[in-house]
Amino acid sequence: MAIEVRIPTILRSYTGGAKVVEGSGDTLDDLLTDLDSRHSGLRGRLVTEAGALHRFVNVYVNDEDVRFLGALDAKLSDGDSVTILPAVAGGAFGFAAAAAIAQHAATGRRAPVTVG
Amino acid sequence: MLSIDRSIVDAIVAHARRDHPDEACGVVAGPVGSDEPTRHIPMENAARSMTFYEFDSMEQLRVWREMDDRDEEPVVIYHSHTATEAYPSRTDISFAGEPGAHYLLVSTREPDTEEIRSFRIVDGVVTEEPVRILDAGVDPHAVQSYMFGQSPATVDYECSGR
């Protein structure tokens, strides 16, 4: 048995157009490394250079968001189903500004704000 | 060009007005490959913010699975800007992960009028497109087309964030 991985439209260029691929691994990290060996470049779209899961994607193991399961350390078993979706987010302000506002609210200090 | 029923546009505007001054967001699903937005799905803004929106990841999983089961895709992904123009921000562009979708923005900064604009966002490149609003039950050829704004139709933001 293997782990079924559902690929979103935007990443199907890495899987030859396939919507579902199979892989193996004890953790999400291992699975993405395994997938990258056959679908070169896929891992780089999901994991940052710093080695964390990208903010722009949501990854689920069965029905759980992996951010609640240890992210890349999430444990996998044969027969699990992994779903990758593009995170849908945005808004009027840039991230840096949003972070600065949050910081400002948290500390009461003035922070520079730029419109994104 | 985005062609969309007036009833759906009205429902999106009502959602944006209801959640104002927080940003509202949602999806209009349609049959795969049809480019026809037919099923309006208002989504929760998990960020509950005046300047940021984010789909709740678990609600998104449910909705995306449901679309999959019904052979649908997200034809329109919409959100509101509540104090600024209906134009994609850098954040909008860096997150845009559905290359086939129309990104619809509604600005509710004016209390009496809404600005509604639609964009394609592919690989960090924003292309504005006209919005054609279809009036059901009226002469199907009697349509209203409009495109707001004086900005160029294509804007290339080099920092796509990917």
Side-chain angles (χ1 to χ4, degrees), chain A residues 4 6-14 17 19-20 41-49 53-69 71 74 81-102 104-105 111 113-116, chain B residues 21-27 32 43 45-47 49-65 67-68 73-74 77-101 103 105 107 109 121-123 157 159-162:
Chain A
E4 175 192 271
R6 304 185 74 83
I7 305 290
T9 313
I10 196 167
L11 297 179
R12 287 181 201 156
S13 55
Y14 296 94
K19 197 171 166 179
V20 179
L42 183 61
R43 184 186 163 88
R45 294 297 296 272
L46 302 171
V47 179
T48 65
E49 282 176 20
L53 203 55
H54 231 297
R55 183 80 178 77
F56 302 116
V57 290
N58 291 335
V59 182
Y60 308 86
V61 175
N62 302 323
D63 291 328
E64 288 283 340
D65 185 331
V66 295
R67 290 192 177 89
F68 304 117
L69 300 173
S81 172
V82 170
T83 303
I84 303 169
L85 292 181
V88 183
F93 283 94
F95 256 142
I101 291 165
H104 173 67
V113 172
T114 49
V115 177
Chain B
D22 284 349
E23 294 195 3
C25 55
V27 173
V32 169
M43 304 281 289
N45 177 1
S49 161
M50 295 187 283
T51 54
F52 191 67
Y53 82 95
E54 183 171 30
F55 284 6
D56 174 81
S57 66
M58 296 314 295
E59 183 181 23
Q60 189 189 349
L61 179 64
R62 277 199 309 278
V63 168
W64 255 244
R65 277 198 180 149
M67 285 193 284
D68 223 33
E73 61 189 355
I77 294 176
Y78 72 87
H79 74 282
S80 63
H81 284 177
T82 57
T84 55
E85 67 171 333
Y87 193 85
S89 67
R90 284 171 193 278
T91 316
D92 295 335
I93 295 160
S94 54
F95 268 97
E98 292 285 356
Y103 283 87
L105 276 90
S107 173
R109 66 177 162 178
I121 309 177
V122 180
D123 292 335
Y157 283 92
C159 45
S160 70
R162 289 188 187 275

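All of these numbers come straight from a predicted model, not from anything done at the bench. Residue numbers start from 1 in every chain, and the chains themselves are labelled A, B, ... in the order their sequence lines are given, proteins ahead of strands.
- Per-residue counts of heavy-atom pairs under 4.5 Å with chain B were compared for A87(A), G44(A), P8(A); the largest is that of A87(A).
- When all heavy atoms of R6(A) and D68(B) are compared, the closest pair comes out as NH2-OD2, 2.9 Å.
- Contacts between I77(B) and chain A at a heavy-atom distance below 4.5 Å involve the side chain alone, from C-beta outward.
- D65(A) places none of its side-chain heavy atoms less than 4.5 Å from the side chain of Q60(B).
- Of all heavy-atom pairs spanning A89(A) and F52(B), the tightest one is CB-CZ, 4.1 Å.
- A distance of 8.5 Å separates CZ of R65(B) from CG of L85(A), quoted to the nearest 0.5 Å.
- Contact record, G91(A) with E23(B): CA-OE1, 3.2 Å, taken as the closest heavy-atom pair.
- When all heavy atoms of A96(B) and I10(A) are compared, the pair lying nearest together is O-CD1, 4.2 Å.
- The two residues A92(A) and T84(B) make their nearest non-hydrogen contact at CB-OG1, 3.6 Å.
- Between N58(A) and W64(B) the shortest side-chain heavy-atom distance does not fall below 4.5 Å.
- Nearest heavy-atom pair across N62(A) and L61(B) is O-CD2, 4.3 Å.
- More than 12 heavy atoms of other residues, nucleotides or ligands lie within 6.0 Å of CE in M58(B), so this atom counts as buried by the packing criterion.
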